[in-house]
Structure formats: C-alpha cells, structure tokens
Amino acid sequence: MNFPFYIARRYLFSKKSTNVINVISIISVIGVAVATMALVIVLSVFNGFHDLVATFFTNFDPQIELVPTQGKTAPSDDPLLAKVKALPDVDVATESVEDQALAFYNGHQAMVIVKGVDDNFDQLTHIKDILYGDGTYSLHAGNLQYGVMGIRLASTLGTGARFGDYLRIYAPQKEGQFDATNPAGSFVVDSLLSPGVVFSVNQSKYDKNYIIAPIAFARNLFGQQGRLSSLEIRLKDGSNLDAVKREMQAIVGEKYKVKDRFEQQEDTFKIMQIEKYIAYIFLTFILIVACFNIIGSLSMLIIDKKNDITTLQNMGANDRQITRIFMFEGRMISAFGAVIGIGLGLLLCWLQQQYGFVSLGSSSGSFVVNAYPVSVHYDDVVLIFLTVIAVGWLSVWYPVKRSLAFLLATR
C-alpha cells in the first residue's frame with residue numbers, strides 16, 4: 001500500500017488527541033455532502049423541466065424539419081426534397097406553408113400564424129392527443145375548409161371550441177402596392193370553419209398564435225402556390241435519428257437546414273441550459289465555501305500530529321511524503337463527502353419521482369404537473385463527482401503546503 005495514503009487513512013479514522021478535530025472533520029464531510037447533494041437535486045430538477053417541456057413540443061413539432069436556408073419558402077417539387085422523402089427510414093413526410101395573418105371573428109381580432117399542412121399531419125405528430133372539444137380532427141370536408149386553433153387563441157377571439165360563424169383570415173397581397181383608397185383590396189381574404197376542437201400544447205407560442213389549416217388554404221392565402229415553408233418528417237420506429245439527420249443534410253447540402261425537435265425550439269432549450277449552468281456555478285461556489293472546513297480540519301490535524309511528523313522524519317520520510325499524507329487526508333474527506341452526497345441526492349430524486357413529496361402548488365391541477373419533475377442524467381452525476389474532487393483537491397493543496405512548510409521551518 002502507498003505509504004502516505006496508509007498513514008492518511010489511519011489519521012482519518014483514528015481518534016485524535018484533541019476531540020474538536022474529529023468534530024471539524026465530521027462537519028467537513030457533512031458540508032461537502034450537503035453541497036454535493038444540492039448539486040445532484042438541483043441539476044436533476046432542471047433536467048426534469050427540460051424533459052417535461054420536450055414532451056409538450058413532441059405533440060406538435062415534427063421529429064425532423066427541413067427549412068430553406070435562403071428565403072422563407074422553397075419549391076415543393078425540389079428534387080433534393082424528393083430524395084429525402086424516398087429515404088428508407090422516412091415513414092411520414094408532410095409539406096407545410098406557414099406565415100402570419102390577421103384573424104377576425106365577431107368583432108374580435110388577433111395576429112395569428114396560419115400553419116397549412118397536408119392531410120397526414122395527424123400521422124406526423126400527436127396532435128389528436130392534445131385536442132379538446134366535442135368535434136373531431138379534420139382539415140376539410142368537400143369544399144369546406146376547417147381551422148384548428150390553439151386554446152388561448154380561441155379564448156382571445158371568443159370562438160370557443162366550436163364556432164358557428166366564419167373565421168375570416170386576412171393576409172397582405174404579395175404583389176402590387178397598397179391602395180389607401182381601397183385598403184381591403186390590398187389583402188387576400190379567406191374563411192375557415194370549426195371542426196369543433198382546439199389544441200393545447202401548454203406552450204404560449206402555439207396555444208396563443210397558431211391555427212392549423214389545409215395546405216391548399218395557406219398557399220392560396222399567402223400566394224405560395226407550388227411552394228413550401230418546411231418539409232416535416234417522422235421516421236420509422238427504430239431509426240437512428242442522428243444518422244438519418246446526417247444523411248439528409250448530406251443530400252440537401254447548404255440549400256436546406258435539417259433540424260431535430262431540440263433545434264426547432266433552440267431558443268427555449270438554450271435558455272433552460274444556461275439557467276442550469278448558472279445554478280451549477282452558484283452551487284459550486286457554495287461547495288468551495290464548504291471546503292473551507294477541510295482547510296481548518298487539516299490545519300489543526302497538522303498541529304496535533306507534529307510529534308508524529310518528527311517521528312516520520314527520523315524514520316526517513318521526506319518532506320514530500322509528509323505533505324502527501326495530509327493531501328490524501330483532505331482528498332479522502334472530499335471523496336467521502338462526494339459519495340455520501342451523491343447517494344443522498346439520488347435517493348431523494350428517486351423518492352420525488354415515486355411519491356412527489358415536493359409539490360408545485362397547494363391545489364392539485366394548478367400546474368401541468370403536481371410535483372417538481374426530476375430526471376437524473378448520469379453524465380451530470382459524473383460531472384458533479386469530478387467537480388467535488390477537483391474543488392477539494394485545490395482547496396487543500398496550498399494551505400497544506402504552507403502549513404507544513406511553516407511547521408517544518410520552525411522546528
């Protein structure tokens with residue numbers, strides 16, 4: 001066994017001549033364990049919210065989306081898109097035309113985003129799982145065209161899930177100049193009926209702004225005949241998303257950008273990731289403060305063991321070996337604190353997942369979920385363990401060297 005490590009282990013578990021050193025050592029382990037536990041729990045809660053938000057977007061966003069890198073639309077008959085659709089891993093492909101418009105209903109108005117989709121949109125996403133109302137999902141019946149709007153948009157326009165009158169949609173003409181004498185002539189106007197349902201993604205971006213309509217309606221409204229804003233794709237079960245995405249990007253080159261669900265909501269997830277990193281940094285500072293107890297414990301231990309240091313020197317131990325003894329002592333305190341803290345953190349995360357002890361509100365149903373969501377990512381656990389070990393090592397390195405140097409110089 002390594003000589004400095006053996007002596008350090010004996011010092012850690014043996015009774016000291018001054019009992020306060022034992023107390024401070026225990027406090028040091030507890031302080032590191034509590035800071036480590038806090039890191040595990042807080043980062044797991046951020047992961048839980050991240051995964052929860054991702055499930056909301058899963059119901060509405062496609063698995064993969066191809067959008068043009070130049071301009072807002074591209075030809076729907078582009079041979080590159082045809083090659084992508086023909087890939088063996090592609091299960092469903094839907095063309096989409098999306099743009100802003102103005103909606104009017106019985107004196108109410110709102111700026112909206114009309115998303116025109118093919119008839120297989122319900123096969124592409126889980127839109128039917130987030131519908132509310134006594135109707136059924138439908139985009140058209142004969143010559144009638146239906147619009148499925150977000151639940152908050154329906155509230156703003158005062159339509160409810162089912163509206164009996166026409167919903168008027170206005171979009172500016174793509175060509176020609178605005179005529180102040182005939183403002184209405186500068187707009188394309190079309191109407192939608194209600195299929196008796198609205199959708200709720202639990203995200204304001206969609207629920208407050210979006211109307212799902214037939215793609216023919218959107219193309220006519222926005223003057224985009226034969227064009228698309230995006231090609232939305234669902235892969236077959238068991239497909240390797242990353243591999244298929246790379247293959248698609250190789251086919252379309254720089255003409256289109258291939259986005260997965262996280263890239264489609266890049267701003268939202270980037271903000272959540274930044275918040276998680278900030279929490280990690282602040283809790284690491286708390287960990288550094290907790291490690292000050294280790295410095296105090298080691299300083300008193302060095303004084304307590306000054307006779308042992310003399311004995312070790314007489315037995316042939318050099319200054320470097322003596323220094324390593326107390327370095328190992330500090331590292332073991334950090335390691336024990338890290339292991340205990342991670343164990344307690346994982347246990348509390350499991351209890352929260354199983355029983356939801358910490359709720360989001362006093363009344364059930366006030367939030368999307370009743371308890372704080374928790375998701376343990378084991379790469380975070382590894383990062384936390386390495387952080388604790390690194391902080392513990394750095395916190396003891398300089399004080400131990402200085403204390404021993406001073407003690408040895410005064411002997």
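Computed from a prediction, not measured in an experiment: that's the story for all the values here.
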*Within the distance-only criterion (no hydrogens, no angle test), does the side chain of Asp207 pair as donor or acceptor with the backbone N or O of Ile151 below 3.5 angstrom?*
no

_Test side-chain contact (heavy atoms from CB on, under 4.5 Å) on Phe285 and Val289; report intermediate values, then the result._
CA-CA 6 Å; Phe285 279 119; Val289 173; 5.8 Å; no

*Would a line drawn from the ring center of Phe262 to the ring center of His50 be shorter than 6.0 Å?*
yes

*Parallel, tilted or perpendicular: which fits the ring planes of Phe60 and Phe199, with parallel below 30° and perpendicular above 60°?*
tilted

*Would you kindly say whether Asp118 and Thr94 are connected by a side-chain donor-acceptor distance under 3.5 Å?*
no

*Is a side-chain N or O of Thr69 found less than 3.5 angstrom from the main chain of Glu254, in a donor-acceptor match?*
yes

*Can you find a side-chain donor-acceptor pair between Gln265 and Lys205 that sits under 3.5 Å?*
yes

*Using a strict 4.0 Å threshold on nitrogen-to-oxygen distance, state whether Lys128 and Asp122 make a salt bridge.*
yes

_Before you tell me yes or no, could you show the steps for Lys115 and Phe121 under side-chain contact (heavy atoms from CB on, under 4.5 Å), namely the whole-Å CA-CA distance, both residues' side-chain angles and the distance that decides it to 0.1 Å?_
CA-CA 11 Å; Lys115 182 181 179 68; Phe121 183 71; 3.9 Å; yes

*asked:* As an exercise, state the distance from SG of Cys349 to CG of Leu344, rounded to the nearest 0.5 Å.
replied: 11.0 Å

*asked:* I'd like to check Asp78 versus Tyr256 (side-chain heavy atoms, cut-off strictly below 4.5 Å). Are they in contact?
replied: yes

Name the atoms and distances for all side-chain donor-acceptor pairs under 3.5 Å in residues 28-42, with sequence neighbours left out.
| unit_1 | atom_1 | unit_2 | atom_2 | d |
| --- | --- | --- | --- | --- |
| Ser28 | OG | Ile24 | O | 2.8 |
| Ser28 | OG | Asn293 | O | 3.0 |
| Ser28 | OG | Ile294 | N | 3.4 |
| Thr36 | OG1 | Val32 | O | 2.7 |

*Please confirm whether the backbone N or O of Leu228 pairs with a side-chain atom of Thr73, one donor and one acceptor, at under 3.5 Å?*
no

Please tabulate, for the side chains in residues 381-389, all donor-acceptor contacts under 3.5 angstrom to protein atoms that are two or more places apart in sequence or on a different chain.
| unit_1 | atom_1 | unit_2 | atom_2 | d |
| --- | --- | --- | --- | --- |
| Thr387 | OG1 | Tyr280 | OH | 2.6 |
| Thr387 | OG1 | Leu383 | O | 2.7 |

*What closest approach, in Å, do Ile215 and Glu95 show between heavy atoms, and which atom pair accounts for it?*
CD1-O, 3.3 Å

*Using a cut-off of 6.0 Å, state whether more than 12 heavy atoms not belonging to Gln70 lie near its atom CD.*
no

*Spell out, as yes or no, whether a donor-acceptor pair under 3.5 Å connects the side chain of Arg261 to the backbone of Asp61.*
yes

*With no hydrogens and no angle check, do the side chains of Ser76 and Arg227 hold a donor and an acceptor under 3.5 Å apart?*
no

